[in-house]
Amino acid sequence: MILLHRLSRIAAACLALLVSGAGSEAAAQTLRFSTVVIDAGHGGKDGGSVWNGLIEKKLCLDVAKRVEAGLKSRGLKTVMTRRTDTFVELEQRARLANRVPTSVFVSIHFNGSRTTLISGGEAYYRSSRGKILASAISRSIKSRVTGGSRGIFYADYKVLRATQMPAVLVECGYISNKREARRCADPVHRQKLADAIVSGLLAARGR
Ligand code: ZN
């Protein structure tokens, strides 16, 4: 009897899992938001990765501003966590974002690795709703940007953990890779990256 009881509990749990699975499948189609909090990584005393004559913080801010312009031209509201070369604590970025209603959070970074052969964009998520953003942005980068995307990955990053809204961290490419660094130094390429991020966000919004 106890076994039967346990089995029925397991069955109920499986059913609940199936139902919630179906629910997240439906939610995967769209996210509702009117504002995008754009987080340019690093800044001020924190330069981020430095490779091949490039400093990450500058690239992040440049792409963030291009994303801001792109989203505004499509009628979305934006909030920037920084718009100058200043150091902003991760907690402060999240606190600022958490004050913005019906928003999503996009953190913009460039990558560096001692394995200098690695190249390509990456999108990181922590929540299932963040995964929707990551998938859409990764798909968009893959199809629109030279260098493509290495895919989406789960990560317990502070800005993903401390933000309450769907959040994604986009690594726009490896500046440790010579060829990719040359691309990232070109404003035309950075505009393509920004356009791809904007398209990905709009795709996640279902329009
Ligand atoms: Zn970074």
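Note that ligands are numbered from 1 as they come in the structure, with each ligand's atoms numbered from 1 the same way.
- Take a cut-off of 2.8 Å around the Zn ion (ligand 1): the protein N, O or S atoms inside it are His42 NE2, Glu56 OE2, His109 ND1.
- Between Ser199 and Arg144, the closest side-chain pair of non-hydrogen atoms falls below 4.5 Å.
- For the pair Lys65 and Glu68, the salt-bridge criterion is not met [side-chain N within less than 4.0 Å of a carboxylate O].
- Cation-pi contact between Arg126 and Tyr157: absent, since separation from the ring centre below 6.0 Å together with deviation from the ring axis within 45° is not met.
- Looking at residues two or more places apart in sequence or on another chain, you find a side chain to side chain donor-acceptor pair (under 3.5 Å) between Thr81 and Asp39.
- Checked against Phe33 for a side-chain contact (heavy atoms from CB on, under 4.5 Å), the options Val36, Thr35, Val37 give a single hit: Val36.
- Between Ala194 and Arg66, the shortest heavy-atom distance links the atoms CB-CB, 3.4 Å.
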